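Each remark here refers to the structure printed beneath this line.
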Amino acid sequence: MNEQGSFVATLLDRTGRALASGAVQRLALGPLADEVRTLGRRALVADTVVRLEHLAAALATGRCEVLALDFDWLTATRAARGIPPELLRATFAALRTEITENLPRAAATLALDMLDSELPRLATDAPLAEPLADEDHPHVELARSLLAASLSGRRNDAEMLLVDAYENGVPLDALHVALWAAQAEIGVLWQSGEIHVGLEHLASRIAEDALAVLRHRTKPSAASNHSVLVACVPGNRHQIGARIVADRFDHVGWRALFLGANTPSDSLVNAAQDFHVDLVALSVGMSLDLRPAAIMIAALRADAPRVPVLVGGAPFRAVEGLWRDVGADGEAPSATEAAGMGERLLAAI
């Protein structure tokens, strides 16, 4: 991680709530006071704190592309979240003033340089990705059927769709791709405000149940003496991608130990020692997970320095070489490629 940027990120951690409150107070006293009242001060302060957390993640990695991910998400979802473009821009202008007035000059300069490098993105309209809009997407019809079954609460139908496809010769990795595409579409629907969080949770639980049924129907295609510990870093509560990674390792004969969502660093280190694993695979869901990932990897290095660490997740797919910044040994571009990458890391030892 970037040493100077990490120092400024720590300052933002400690002052974020005060900076966000000050920025919203400025807005409440200005020409956008009505918009502030409509959305509510508490909600705006909470949202502004999150924006500062994304800025801190970008500073800690020294990568402006990390902040760009958040800004692109903002421009794609601001309408669904009821935030007028002018309020979003005014919020960042107020934040700039708060940072200038309240952080040490050198720290403020570094933070503002990072912020200013990506602010022009707020003037654009970045569309949300639509995984199932592409007719050429592999197994798109299966993915759409899984999406429909999940959103309507038809757990048995979702399970049988996967089982029937497998028994009719569709490879396991293709089924995982279809299921993940359906989950990605559900995320887009939630981000755009088309479904509520209850439906998103329901669909996720159905996906996990379907994966369990599929797991019991399939047999490993090979045998291996290797073992892998799969976990989501602290703060990452979305475990389906990591569950698919563990299933992929299982399918090629590895002993896969799955710790699940939001795994504490000390628990991961203890498990790696207890089970004498050959590899650790960590899931990072968003840019706010990058610093916890770096801390977790550092803790693992201190106690198990010879165990390679593989990471995967959206930030690493979006920012080339970002896996190096968190101290990992490699990146899996997708869940279905994780086992192959794990084999290559072990071969390189």
Side-chain angles (χ1 to χ4, degrees), residues 1-33 35-36 39-75 78 81 83-124 233-235 284 286-296 298 315 318-319 322 324-327:
M1 302 290 272
N2 183 284
E3 185 175 352
Q4 189 177 18
S6 293
F7 173 75
V8 180
T10 301
L11 288 180
L12 290 178
D13 291 340
R14 294 173 179 172
T15 61
R17 176 67 60 173
L19 294 173
S21 297
V24 172
Q25 176 67 11
R26 291 176 186 275
L27 295 174
L29 297 175
L32 295 172
E35 285 80 355
V36 172
L39 291 171
R41 285 198 188 194
R42 181 177 297 179
L44 277 176
V45 169
D47 187 74
T48 305
V49 168
V50 174
R51 306 283 72 80
L52 286 169
E53 290 172 350
H54 281 278
L55 174 60
L59 287 164
T61 59
R63 300 286 203 117
C64 59
E65 302 100 312
V66 170
L67 185 60
L69 296 176
D70 181 50
F71 281 10
D72 287 345
W73 185 86
L74 279 174
T75 57
R78 64 190 174 198
R81 298 163 68 237
I83 298 179
E86 59 272 17
L87 180 59
L88 193 59
R89 290 191 289 270
T91 299
F92 280 103
L95 265 182
R96 289 189 90 269
T97 303
E98 288 293 319
I99 289 171
T100 300
E101 293 182 358
N102 292 286
L103 291 190
R105 179 176 297 178
T109 298
L110 193 63
L112 293 179
D113 284 349
M114 179 71 76
L115 193 60
D116 290 345
S117 70
E118 301 304 320
L119 276 176
R121 287 178 176 271
L122 296 181
T124 64
V233 302
V284 172
M286 58 193 300
S287 58
L288 296 186
D289 299 334
L290 292 169
R291 285 195 289 165
I295 293 169
M296 177 175 266
V319 182
L322 184 61
R324 294 187 182 90
D325 298 324
V326 299

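One-based numbering along the sequence shown. Computed from a prediction, not measured in an experiment: that's the story for all the values here.
With a 4.5 Å cut-off on side-chain heavy atoms, Asn102 and Thr15 do not count as touching. Looking at heavy atoms from C-beta onward, Arg96 lies in side-chain contact with Leu119 at the 4.5 angstrom threshold. Val326 has its side chain out of reach of Val284: every pair of non-hydrogen atoms, C-beta onward, lies at least 4.5 Å apart. Looking at Pro104 and Leu11, their side chains come closer than 4.5 Å, going by heavy atoms from C-beta outward. Between Asp47 and Leu39, the closest side-chain pair of non-hydrogen atoms is not below 4.5 Å. For the pair Pro292/Ile295, no side-chain contact is recorded, criterion being any heavy-atom separation below 4.5 Å from C-beta on. Taking 4.5 Å as the limit, every side-chain heavy atom of Leu59 sits out of range of all side-chain heavy atoms of Asn2. Using a 4.5 Å heavy-atom cutoff, the side chains of Phe71 and Leu115 are in contact.
Residue Glu101 qualifies as enclosed at atom CD: its count of foreign heavy atoms under 6.0 Å is above 12. By the neighbour-count criterion of 12 heavy atoms within 6.0 Å, atom CD of Gln4 is sparsely surrounded, having that number or fewer from other residues, nucleotides or ligands.
The backbone N or O of Met114 sits less than 3.5 Å from a side-chain atom of Ser117, completing a donor-acceptor pair.
For the pair Val45 and Ala20, the tightest heavy-atom approach, listed with the atom from each and the gap, is O-CB, 3.7 Å. Asp13 and Ala56 make their closest contact through OD1-CB, 4.2 Å (heavy atoms, listed as atom of the first residue, atom of the second, distance).
Here the straight-line distance linking atom CZ of Arg105 with atom OG1 of Thr100 works out to 10.5 Å at 0.5 Å rounding. To the nearest 0.5 Å, the span separating CG on Leu52 from CZ on Arg17 amounts to 10.5 Å. In this structure, the separation between OG1 on Thr48 and CG on Leu44 is 6.0 Å, given to the nearest 0.5 Å.
Under the rule for a side-chain contact (heavy atoms from CB on, under 4.5 Å), the partners of Met286 that lie at least two apart in sequence or sit in another chain are His54, Leu288, Asp289.
Ion pairing between Arg51 and Glu98 fails under the 4.0 Å rule for side-chain N and carboxylate O.
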